[in-house]
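Working notes for the structure below.
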Protein chains: 2
Amino acid sequence: MNYKKKGFVMKRTLSMVEYSGEEEVMASIAKAISHPVRIRILKLLASQQCCFTGELTEIIPMAQSTISQHLKALLDSGLIQGEINPPKVRYCINRANWLKAYSMFGGFFNADLTCRCDCR
Amino acid sequence: MNYKKKGFVMKRTLSMVEYSGEEEVMASIAKAISHPVRIRILKLLASQQCCFTGELTEIIPMAQSTISQHLKALLDSGLIQGEINPPKVRYCINRANWLKAYSMFGGFFNADLTCRCDCR
DNA sequence: TTTGTTAATCGTATATTTGCGATGAACTAT
DNA sequence: ATAGTTCATCGCAAATATACGATTAACAAA
């Protein structure tokens, strides 16, 4: 197969891998916390007075639109929730999903690693 | 500011945000497990006979080069380790880093969420 | 030496993420 | 009505991630 051939178009995926629901959910949660600024936001929301608004823009030196974008990513992951309180919006941790994530990651990393081979 | 202006070059970042070491490490671990196929690989390595090699290629319907790429990502994260055993390579969980990740995520999600506001 | 096996790496195409400024929407206050 | 505040969204640029086939490297076996 020749990529330089005129008109060649690479297929994105040849075989579609089927993932379990748990794999998909864990991956999406992990993706949500895969950026240091989102970890910082989550820590602020979890440790400070629980609820927060856009003061984040004052604490974190990033453009307002960028912060908003990260908040949206966290919202989509379900780890946080937002309450409209015009003209402000108050964000806080979504406790139910937070606990789900806790047990999910806990169960994942808590795997029994008893080794039956000679790796160190 | 006009993006169409001839010769315009956007700056990637205006203000450099400083992250703590823990934020960086957590984000990189999270990024490593932010893809379902990497979660599957980790689960296989953690649950099966601990050590594995390229049989992964037979179990997971993806190109060998793609699997190798994902293994490299996991290696870089420190969550797994590889032992060259020509012509094969045996991969397994890096126990020390695995436990570190366990306590790191555990501590993160175990935050006290006592709420001092009226969010639900 | 030649052949075969295994896995990493290269080169490419495409998709997604990340960041910014500008703008718009929703609401308050004047 | 007008002006101000707050935040989401749009449009763009650049970087990174993801997937593949082809090739290479390293070694064992013949």
Side-chain angles (χ1 to χ4, degrees), chain A residues 1-17 19 27-28 30-41 52-58 60-77 80-91, chain B residues 1-17 19 27-28 30-41 51-77 80-91:
Chain A
M1 197 159 293
N2 187 354
Y3 296 114
K4 284 128 175 183
K5 204 174 65 183
K6 194 161 53 182
F8 175 83
V9 176
M10 161 164 283
K11 276 170 282 186
R12 185 82 178 90
T13 307
L14 293 179
S15 59
M16 200 51 193
V17 183
Y19 299 110
S28 73
K31 178 166 282 183
I33 56 180
S34 72
H35 191 295
V37 84
R38 290 198 289 268
I39 290 184
R40 176 166 297 184
I41 291 173
F52 243 75
T53 65
E55 295 108 303
L56 289 171
T57 316
E58 294 162 21
I60 302 172
M62 275 183 148
Q64 178 264 324
S65 57
T66 307
I67 300 276
S68 185
Q69 215 169 5
H70 285 298
L71 285 169
K72 181 168 163 45
L74 289 172
L75 271 178
D76 291 345
S77 78
I80 68 172
Q81 62 192 67
E83 187 188 331
I84 298 173
N85 208 330
K88 300 200 173 187
V89 176
R90 174 199 272 162
Y91 288 102
Chain B
M1 198 159 294
N2 187 355
Y3 296 115
K4 284 129 178 180
K5 202 173 66 181
K6 194 160 51 180
F8 176 83
V9 177
M10 162 163 281
K11 275 170 284 187
R12 184 80 177 90
T13 307
L14 294 178
S15 57
M16 201 51 192
V17 183
Y19 299 110
S28 74
K31 178 167 282 184
I33 55 180
S34 71
H35 191 295
V37 84
R38 290 197 291 266
I39 291 184
R40 175 166 299 183
I41 291 173
C51 286
F52 243 73
T53 64
E55 294 110 305
L56 288 170
T57 316
E58 292 164 21
I59 301 177
I60 301 172
M62 275 183 149
Q64 179 264 324
S65 56
T66 307
I67 300 276
S68 185
Q69 218 169 4
H70 284 299
L71 285 170
K72 180 168 164 44
L74 290 172
L75 271 178
D76 291 344
S77 78
I80 69 172
Q81 62 193 67
E83 188 188 330
I84 298 173
N85 209 331
K88 299 200 175 187
V89 176
R90 173 200 273 163
Y91 287 103

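Computed from heavy atoms alone, side chains included, the values below leave out hydrogens, waters and symmetry copies. All chains are named by letter (A, B, ...) in the order of the sequence lines, taking the proteins before the strands, and each is independently numbered beginning at 1.
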Distance, rounded to the nearest Å, where H35(B) contributes NE2 and dA19(D) contributes C1': 9 Å
Atom-to-atom span, CD1 of I60(B) to P of dA7(C) - whole angstrom: 13 Å
Heavy-atom closest contact (I39(B) atom, A27(A) atom, distance): CD1-N, 3.4 Å
Selected nucleotide, minimal atom distance to A63(A) side chain, candidates dT18(C), dC20(C), dC20(D): dC20(C)
Among dG21(D), dC7(D), dA7(C), the one nearest Y91(A) by side-chain distance: dC7(D)
Nearest-neighbour nucleotide for the K72(A) side chain, dT9(D), dT18(C), dC20(D) considered: dT9(D)
H70(A) side-chain N/O to dT17(C) phosphate OP1/OP2 under 4.0 Å: no
Euclidean distance, atom CD of residue E83(B) to atom C1' of dA8(C) [Å, nearest integer]: 17 Å
For K72(A), all residues meeting salt bridge (charged side-chain N to carboxylate O under 4.0 Å, His left out), sequence neighbours excluded: D76(A)
Which atom of T57(A) lies closest to which atom of M62(A), heavy atoms considered: CG2-O, 4.2 Å
Rounded distance in Å - CE (M62(B)) to C1' (dT18(D)): 8 Å
Spacing between N85(A) atom CG and dT5(D) atom C1', to the nearest angstrom: 14 Å
Side-chain donor/acceptor of Q69(B) to base of dA8(C), under 3.5 Å: no
Shortest non-hydrogen separation from Y19(A) to R40(B) and the atoms involved: CA-NH2, 3.5 Å
Rounded distance in Å - CD (E58(B)) to P (dT6(C)): 8 Å
Taking every non-hydrogen atom, the tightest pair across I80(A) and L75(A): O-CD2, 3.5 Å
Axis-to-axis angle between the two ends of the helix from dT1(C)-dA30(D) to dT30(C)-dA1(D) (five base pairs per end, rounded to 10 degrees): 10°
Rounded interatomic separation in angstrom, taking CG from L75(B) and C1' from dT9(C): 14 Å
With the criterion being N/O to N/O and under 3.5 Å, what pairs connect the protein with nucleotides 1-5 of chain C, and how long is each?
none

Selection residues 60-69 of chain B - residue pairs positive for salt bridge (charged side-chain N to carboxylate O under 4.0 Å, His left out), sequence neighbours left out: none
Contact nearer the 5' end of DNA chain D, comparing I67(A) with S65(B): I67(A)
OP1 or OP2 of dA7(C) under 4.0 Å from side-chain N/O of R90(B): no
Nearest atoms (heavy-atom pairs only) where S77(B) meets A32(B): CB-CB, 3.4 Å
Separation of I59(B) CD1 from I41(B) CD1 (nearest 0.5 Å): 10.0 Å
Given DNA chain C, 5'-ward residue of the pair Q64(A) and S68(B), judged by closest heavy atom: S68(B)
Within residues 58-70 of chain B or reaching into it, pairs that qualify as side chain to side chain donor-acceptor pair (under 3.5 Å) - sequence neighbours excluded: R38(B)-H70(B)
Under 4.0 angstrom between K31(A) side-chain N/O and dT17(C) OP1 or OP2: yes
Nearest-Å distance for atom pair CG/P, residues L56(B) and dA7(C): 9 Å
Heavy-atom pair with the smallest gap, counting every atom of I67(A) and L56(A): CG2-CB, 4.2 Å
Phosphate contact (dG19(C) OP1 or OP2) by T66(A) side-chain N/O below 4.0 Å: no
